[in-house]
Structure formats: structure tokens, C-alpha cells
Amino acid sequence: MTARVRPDAPKAAARGVALSAPAPHAWFAERGWRPAAFQREVWAAIAAGRSGLLHADTGAGKTYAVWLGALMAFADAGAAPLPARAGAARAQPLRVLWLTPMRALAADTLQALQAPLAALAPDWRVGSRTGDTGSSERAAQARRLPSGLVTTPESLSLLLARADAPRELASVRLVVVDEWHEMLGNKRGVQVQLALARLRTWVPDLCVWGLSATLGNLDEALATLLGDNAGDGVLVRGPREKALRIDTLLPARPERFPWAGHLGKRMVPQVAEEIEHSGTTLVFTNTRSQAELWYQALLDLRPDWAGLIALHHGSLDRAVRAWVEAGLRAGTLKAVVCTSSLDLGVDFLPVERVLQIGSAKGVARLLQRAGRSGHAPGRASRITLVPTHSLELIEAAAVRDAVSSGQVEARPPPDKPLDVLVQHLVTVALGGGFRPEALYDEVRSTCSYRELTPAEWQWCLEFVRQGGPSLTAYPEYRRVLADDAGVWRVPDARLARRHRMNIGTIVSDASMTVRYWQRGGQGGALGTVEEGFIARLAPGDVFLFAGRPLELVRVEQMTAYVRRAGAGRPAVPRWNGGRMPLSSELADAFVARLTRAAQGELDVPEMQAAAPLLAVQAAWSALPVTGTLLIETLRTREGWHAYLYPFAGRLAHMGLASLLAWRIGRRQPATFSLAVNDYGLELLSATPVDWRAVFAEGLLDESAVLEDALASLNAGELRLRRFREIARIAGLVVQGPPHARQSSRQLQASASLFFRVFEQYDRANLLLSQAEREVLSQELDVARLRQTLVRMQAARQVWIELKHVSPFAFALMVERFREKLSTEKLGDRVARMLAQLEAAAGGERGAAEPTDVVFALGDTPARKRAGRGPRRPRRRS
DNA sequence: GACCTGCTGCGGTGTG
């Protein structure tokens, strides 16, 4: 193998990487491959035994990953030249572990690796191992692992739990973590960190490489991947991102475009038009029910597209989704309406257009989705934003600004989640056992646990030894015991099986399978919906799911049996999914846009389309711009309203709203209704509040924010919810085997029981405090909340006494009505509000009376029936 | 009494 000096690697040189990289093997040369600079950089680093992180933008990642996979063959060849090994009788032992976050990616990766590996290293066998792996392959792997193994973090943990793990895994030379950005910020990533620490103990000079898409904290991503060895890591950047085009589908009549709402059905005809004139299109929506509704709406408009457009989201059965994916690959589908379920995964070459309905909520997500189009080399990616209300026009302009200035979100790794550690302890006890002192050092070599205190460590040991003080009486919580030699092991095969069935950190929602009803047998599975939704239906009711109206036939054993239903007005399932807030990066770009608009700069089509709304906002109130805190107050029949726009995302706003309400309530008795969205929040009191006086009294003080936030919310309920997940991960409650799985309701009940027991008898239980920490950081976004308070204090306050509900306030008002809907359908009510607002906005501004909307909202059904108009406002002095 | 916000991802069963 020849070496070649590479003159152009300033970055690598700065970090001290060897400058020589092997030339491509003849097999590659014959195929015309000329490695790019960054590929050589990675290659050289691996040849030098260094670890690192390769960052390449979406769309190119897969390809690079494959090259990296080929590189590992060369890395290994350093020890034994390829030609000599070609005829080797004995296959290589496990050399390379390749981790992917998705089973589907494992299959793809394997396929891509097979040809180059067969040519370069014929004595290598490659295989994959995921939950999909068949029993014969499993049996073969139990005898002998392949030389290159593509697997998931969970399956790797299962490998670590094998008694022969130390011997079997000691031959590993290189671990590649694909899509590291997907795992870095969550507990799956923590599980990967722990597994890597384990492997490093057996293989001190283990080479570890991460592959990552665009990320705001690349250095941290590298450090987290490598733990204590980070000092030696190399960060390699791929070529500058490919051409990316972000445009917006502007509403036909911007001045009539709604100020609130999220479905965006008004845009259906325009979207259909775009689909009509494009190649294969992905239509991303933010929620599963929104995907269902959009799919239906498109079909209603274009019945001739039946069979040409499809639906894809996480609650659909895997077989259904596989069919859609195959259709995409084959290019037989014109469009697919989907959720994040198609963010990752198979490279769909034929995808030409990507449409994003509603806010993408973050820059990284937008880039990820844009990257799904124009996958072929030399083709640009294009994403078209489809706003669902007027404020999203501004967001569209903002997100493009953020992309061009490289403002991408960071994903911070979780801070020592003890549930994951507890699970890992049992895994390690199964996989050959451990000595606490040595394992403590190993665990602390990871980034997430480097601050783990001896007391916390002891607590975890005790917890796996006997379940902590309150569970000592139960044998199933005596999971790990020290043997005579002082090695901690799992003493019981039954406990071992129980643990293996519970490995992993993903905890799913309570859900029920939906199946076609068939006499004398089970019909095909369509997917899953939440138990709570089905519970509200009676047999005969119709709901929309998997893109078709279904009639509920009966419910049996966690399965809802259905048949096709005719036309009608179906219900749409609701899933209590995640609640992604607008990212700080995007919010900042949003405010920057408003600030420029306030200076008269409307230089892009989106801002021009938003101009009517901005004009009304400016005339009736003011634009919330950088450095100011806009506080709108309003007096209606409902009471005393205050609207604030901190732009901190809905999670922080929720915390902030309840915090403010609670602090005001401490000064004077008051009850508040709260409403939040990603832009701001509303406080509404039925009794008089002197807002200015209240805000003057240190209401925005950021000290004691933790205590106040917890006190102000129903923190108990939030903590319990969080604790349920923790209990599953820590192995306190287990699902049981697939054939006799407990219902999620049962699981929840037992988790709640533990919660209460711990609260009463074991207050020091660290899993309880972890639940609290997770509530604060993940449900309330406390760091952002605190930051926001600081920023609000420093800002200049702009007080506006509203006469009309301002456009920004309008969205919040709608939000609140969603919560407590009475006699009127939300849609009707919003439509009426809109009509009146538009009338007010369209008429002579001075002439409009301060009535309309606000007071119409206070209209009672009785008055409406009596045909009387809205009551006149009772004006305050 | 419906509802028109709320994403994604994995794993296990068996033994000659």
C-alpha cells in the first residue's frame, strides 16, 4: 500500500493528524473513485489510529458513511496487507461495529458495504443485528459474530449483556456511530456513551468515529462521543453544503390570510397545484392527525390521485409504511404526506420537491427535511414552506435568514440520567460481571457521567442490589449480587431474561392496535392509536385513520377491530405526542425580522405578504422588536388581559405564564387563565389587575425561578409522568414478553404506585429527583425561562392599551379557546372572530368602534339565540 | 359531547 502526502489539510494539521493517507485501493481506482479531501482526512486519521467526528451536511451523509466503512478495511489492512489475507482460510473476528439509530438504516448500510468489502477483504463477513434479525442468523451469530456488524444501540447493549461479551468484543478495532446528531441529545446517546466506555476498557486503543449532520455544537458532539479520550479526537468537516433553495408558497390573498390556526387547509389547492407540476413530492406536516387530514383533503380535491399519493407516519403499521417507502423508491408515487417519520432513513432518490406545512420549529429540522430532495450529486435541495397562518410568513423569512447565517440548534447531551445508568449496571453484571471501583472509573470516563459523585454511584449500586430501602422485601429487585470474589453478577436466569426484555431507553405511549375485522381470523393491521381515543368511541363510530374512514366494530385485547366506512364526518385520532417548541435560533431570527420590518424593510416576498398583518399590529399596538418587551393590556367582558411576547418557545412560555400568575397571586388574590404559543403568552384575570403596578414590583426577577416554577405548576402530575418513563428505563416496571404484554395502562398504574411509595417512604430516592430535573429541563425549559427573564428585565417595556385584539394577541386568544370550548365549534368561532377582525382591519381604522371581536367572544349562547348583538363593553375608568 | 395541534426511534420470546 502506498502512502501519499496530502498538502491541503490545515484543519487536520492544526490538530496534529498525520498528513499521509493511503491511496485508494485498485478496486476503487478501477471504479473511478477519487477521494475528496475530507475523505482522505478521515482516512489518514483512522490509519493513524485516531478517533473523530465527521460532519457532513444532510444528503451527502450516507455516501460519506459508506466510504468511511470502506476505509475501515484499509485501517485493518495496516496490520496485514490485503493480498496476503485474500486467501485466508479463517474469517476475521468482529472488527467493526457500526451503530445506526434505525433498523432500516442497518439494512441499507449493510447492502452498501457488502460490495467493497467483498472486493477488499474477502475474509471479512458482514452482517447486521437488530430486532428484525431472524432466528437462524441469530443462532449463527451466537456461535460466531461477523467481522463487521451493523447494529443499533439497543442491540449493542444486548451484546454487552452476553456472558461472553468481554471475549467476543475484545477484537473490535473500530466503532462507527452513524447519525450521531440524532442520539447525542437523548438517552439513547447516553446508552451509546456507556457502551463505548465498556468497549474502551477492553480495547484501550479503540477507534471511534461519529457521523453527523449539521449541528450547533459539533465540538461537544465530538467530546461526548469520545469521553475522556476527547483530547485526541479529530473533527473533520465535509464539503460546504450543497445548494439549498428555500421558498414559500404565498397565500393567494395575503390580506385575507388567517392570523391563527395550524392546519392550513386553505392552502390545499395551491399545494395540489405544486404537486401536480413537480416530480415526486414529500409533504411534511407537524402532527400525525394533520397528515391524515391533509391526505384526505388532497384526495377530496383530486380523487384521480387515489393510489398515486400516500400517507406515512409513525402510528401506521410497519407493513403499510414499507409499502409507501417502496413506492417512493420505485418512483410510482406522486406525493407522500408524512411526519418526521421520513426525516431519516432510506435515500429516496426520486424525491424532487419537499413541502413543509406549517412551522418547521427549528433550523436543523428544516435542513434535514430539505435534504430529502435533490439527493443526486449536483442537484440542489429545495424546500417550499407552506404557512398555515400569517405569522408563519414572518417565520419563513426568518428561517431562511437563520440558515444563511448558520444558526443551527445545539443538542446538549443529558446530564447523568441515573435510570440509564441503573439499566447499564445490570447489563454489565450480566455481561461478565463488574467490580464497582473499576466500573465507577469507567462510567465517569463518559461525558454524561463525569460529574457522578461517589454518593450517587453508591446509591445506584444499592438500587440494583436491593431496590433501595423501600423495596428490600421484593426478590425481583435484588438484581445484582457480589459473588465471593467480589464480582457483581446477576444471580438468577429469570431476572436476566426480564432485564434483556427491558433494554433500551425509548418509552412509547399507551396505544392500541387497529386491525380490520374478519370473521374467523385477524385482518390486516393498520397501525396504532392511543387507548384514550378509542375509549371515547362506541362501536359504529367512524374515524379517519391510515388515510381512510374506518368504522369501529369492537375492541378486544388491546386491539380495535374496524371495517371500511362510507362517507360521513369522521373523528380524527389525536395522539399526545411531543410538543416541540420553536427553537431559540429561529425565534431570534423571527424577532430580527420584525425589527427590520419596523424600520420599513420588507425586502422578501414573505415579509411583503405579511405586511397587512404587520401594519395592523403597528397601528393597533406595536411591533415586538429587539430590545423591547411589548406588553399589551386589554379589558373585555372576560376580564383583564395582558399579552407578552418573549419569543422563548411554548415550553418556556408555559413555565413563564404560570410563574408570573403565581407571583402576582402571592401579592393579591387572583385567578388567571393562561394561554401560550411559541411567540408569547396571555394572562387573563377575572378580577381587576393593575398590570403596570404589578410589573414594577420585581415580577420578572430571575432568582428563585426554580422554586417558583415548581410551586406554580401542578408539578406533581408532570413529575409523575416523567417518572413513568424513568421507572421503565430503570427496570422497575417491565412490559413482559410480547405475547403476554401488559397494557400500558397497567404499566402506568404500577409506575404510579412506585412513585407514591417512594414519595412516602423513600424521599431520598434519586429517581424521584431525576424526574424533577427532567420536568424542569425538558418540560419547562427552565434554562431558557431564566434566560428569558433576564432578557425581559433588561428590555425597555412598551405598554399598549389595546382597543382591538392585536394580530399577535389574536393567536393567543384562539389558543385559550381551544382549551375550554363551550357550545360553539372552535372552527365556527374562529371564523367569526376572523370575519370581524378583517372587517375592522379593512374599514377606516379610526372609524372602527372598539367592539367586535373581543366582546363577541364574550357573547353567550342565550344572547345569540335571542338574536341580540354583543353586549357593549363596560369601560373601565 | 366532540375536539381542529403536538414527531421520531428500539427491544424481547426460544435451546438442542
Side-chain angles (χ1 to χ4, degrees), chain A residues 99-106 129-133 135-136 138-139 142 151-158 161 179 182-183 186-189 191 260-265 284-294 312-315 338-345 357-362 365 368-369 388 423 496-509 533 536-538 541 543-544 569-581 650-651 677-678 728-729 734-741 814-815 817-831:
Chain A
L99 299 183
T100 87
M102 275 174 70
R103 291 178 291 225
L105 286 177
R129 172 148 196 155
T130 68
D132 290 342
T133 306
S135 54
S136 62
R138 273 167 190 252
T151 188
T152 59
E154 288 78 11
S155 286
L156 174 57
S157 286
L158 283 160
E179 313 272 10
E182 282 295 322
M183 300 189 281
N186 57 40
K187 290 180 182 176
R188 291 184 89 189
Q191 194 161 35
H262 76 281
L263 280 178
K265 275 179 139 179
F284 280 102
T285 61
N286 281 338
T287 72
R288 286 164 279 188
S289 49
Q290 192 182 16
E292 294 274 354
L293 287 164
W294 263 84
H312 193 286
H313 62 69
S315 288
C338 60
T339 60
S340 310
S341 54
L342 286 183
D343 268 359
L344 281 185
I357 314 288
S359 165
K361 303 279 186 186
R365 187 176 291 107
Q368 178 79 38
R369 291 181 176 174
T388 60
Q423 184 183 108
R497 197 168 59 235
R498 192 177 130 110
H499 178 73
R500 277 196 296 269
M501 287 191 308
N502 205 45
I503 278 182
T505 60
I506 299 174
V507 177
S508 308
D509 292 336
F533 174 73
R536 286 203 307 269
L537 301 181
D541 285 351
F543 64 102
L544 189 66
R569 262 193 91 74
V572 182
R574 288 176 59 176
W575 289 270
N576 287 316
R579 225 154 277 215
M580 35 190 174
R650 56 176 311 111
L651 299 183
N677 61 20
D678 275 318
R728 286 274 294 279
I729 295 171
V734 295
Q735 282 196 113
H739 52 88
R741 180 169 294 171
V814 172
E815 193 75 30
F817 288 130
R818 249 190 23 224
E819 303 298 319
K820 48 166 197 181
L821 212 44
S822 53
T823 50
E824 219 172 341
K825 262 189 82 97
L826 176 67
D828 298 346
R829 194 164 200 169
V830 169

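Letters go in sequence order (proteins before strands), and every chain restarts at 1.
Comparing B:dG6, B:dC7, B:dC10 against the side chain of A:E154 picks out B:dC10 as the nearest. With B:dC4, B:dC7, B:dC3 as the candidates, the nucleotide lying closest to the side chain of A:V572 is B:dC4. Comparing B:dG6, B:dT13, B:dC3 by their closest approach to the side chain of A:R579 singles out B:dG6. Nearest nucleotide to the side chain of A:E815, out of B:dC4, B:dG9, B:dG6: B:dG6. Here B:dG6 is the nucleotide among B:dC10, B:dT8, B:dG6 with the atom lying nearest to any side-chain atom of A:T287.
Within the 4.0 angstrom heavy-atom criterion, only backbone atoms of the sugar-phosphate kind lie near A:S155; the bases stay farther away. Using a 4.0 Å heavy-atom distance criterion, A:N502 is classed as making no nucleic acid contact. As judged by a 4.0 angstrom heavy-atom cut-off over every strand, A:G504 is placed among residues making no nucleic acid contact. As judged by a 4.0 angstrom heavy-atom cut-off over every strand, A:A139 is placed among residues making no nucleic acid contact. No engagement by A:K187 is indicated, since no non-hydrogen atom pair under 4.0 Å with the nucleic acid exists.
Whole-Å rounding puts the A:R500 CZ to B:dG12 P distance at 10 Å. In this structure, CG of A:N286 is placed 11 Å from P of B:dG6, rounded to the nearest angstrom. Nucleotide B:dC7 holds its P atom 18 Å from the CH2 atom of A:W294, rounded to whole Å. For the pair A:H499 NE2 and B:dT13 C1', the interatomic distance rounds to 16 Å; values are reported in whole Å. Counting to the nearest Å, the P atom of B:dG6 and the CD1 atom of A:I357 are 17 Å from each other. A:L651 has its CG atom 14 Å from the C1' atom of B:dT5, to the nearest Å. Summarising the geometry, the separation between CZ on A:F543 and C1' on B:dC4 is reported as 18 Å, rounded to the nearest angstrom. Nucleotide B:dG6 holds its C1' atom 17 Å from the CZ atom of A:F284, rounded to whole Å.
With its glycosidic angle more than 90° from 0, B:dC10 is assigned anti.
Both A:S289 and A:I503 lie close to DNA chain B; mapped to their nearest nucleotides by heavy-atom distance, the more 5′-ward contact belongs to A:S289.
Taking OG1 of A:T388 as the reference point, atom CG of A:N286 lies at 8.5 Å (rounded to 0.5 Å). Interatomic distance, OG1 of A:T130 versus CG of A:L105, reported as 11.0 Å (0.5 Å rounding).
Taking only distance into account, the side chain of A:T130 never meets the base of B:dC10 through a donor-acceptor pair shorter than 3.5 Å.
Listed pair A:S135 / B:dG14 fails the phosphate criterion, with no side-chain N or O lying under 4.0 Å from OP1 or OP2. For A:R288, a side-chain nitrogen or oxygen approaches OP1 or OP2 of B:dT8 to under 4.0 Å. Distances shown here put a side-chain N or O of A:R497 below 4.0 Å from the OP1 or OP2 atom of B:dG14. An OP1 or OP2 oxygen of B:dC10 is reached within less than 4.0 angstrom by a side-chain nitrogen or oxygen of A:R103. At the phosphate of B:dT8, OP1 or OP2 sits under 4.0 Å from a side-chain N or O atom of A:T339. Between A:T505 and the phosphate of B:dG9, there is no side-chain N or O to OP1/OP2 separation shorter than 4.0 Å. Note on A:R574: a side-chain N or O is less than 4.0 Å away from OP1 or OP2 of B:dG6. Between A:T152 and B:dG11 there is a side-chain N or O to OP1 or OP2 distance below 4.0 Å. Using a 4.0 Å cut-off, some side-chain N or O of A:R138 falls inside it from OP1 or OP2 of B:dG12.
Checked against A:Q423 for a side-chain hydrogen bond (donor to acceptor under 3.5 Å, both in side chains), the options A:Q191, A:R728, A:H499 give a single hit: A:Q191.
Partners of A:R129 under the side chain to side chain donor-acceptor pair (under 3.5 Å) rule, at least two apart in sequence or in another chain, are A:Q141. For A:D132, the salt bridge (Lys or Arg N to Asp or Glu O under 4.0 Å) partners two or more places apart in sequence, or in a different chain, are A:R103, A:R318.
The pair A:D541-A:R536 fails the salt-bridge criterion, with no side-chain N (NZ, NE, NH1 or NH2) lying under 4.0 Å from an Asp/Glu carboxylate O.
Closest approach of A:R650 and A:P581 over heavy atoms only: N-CB, 3.8 Å.
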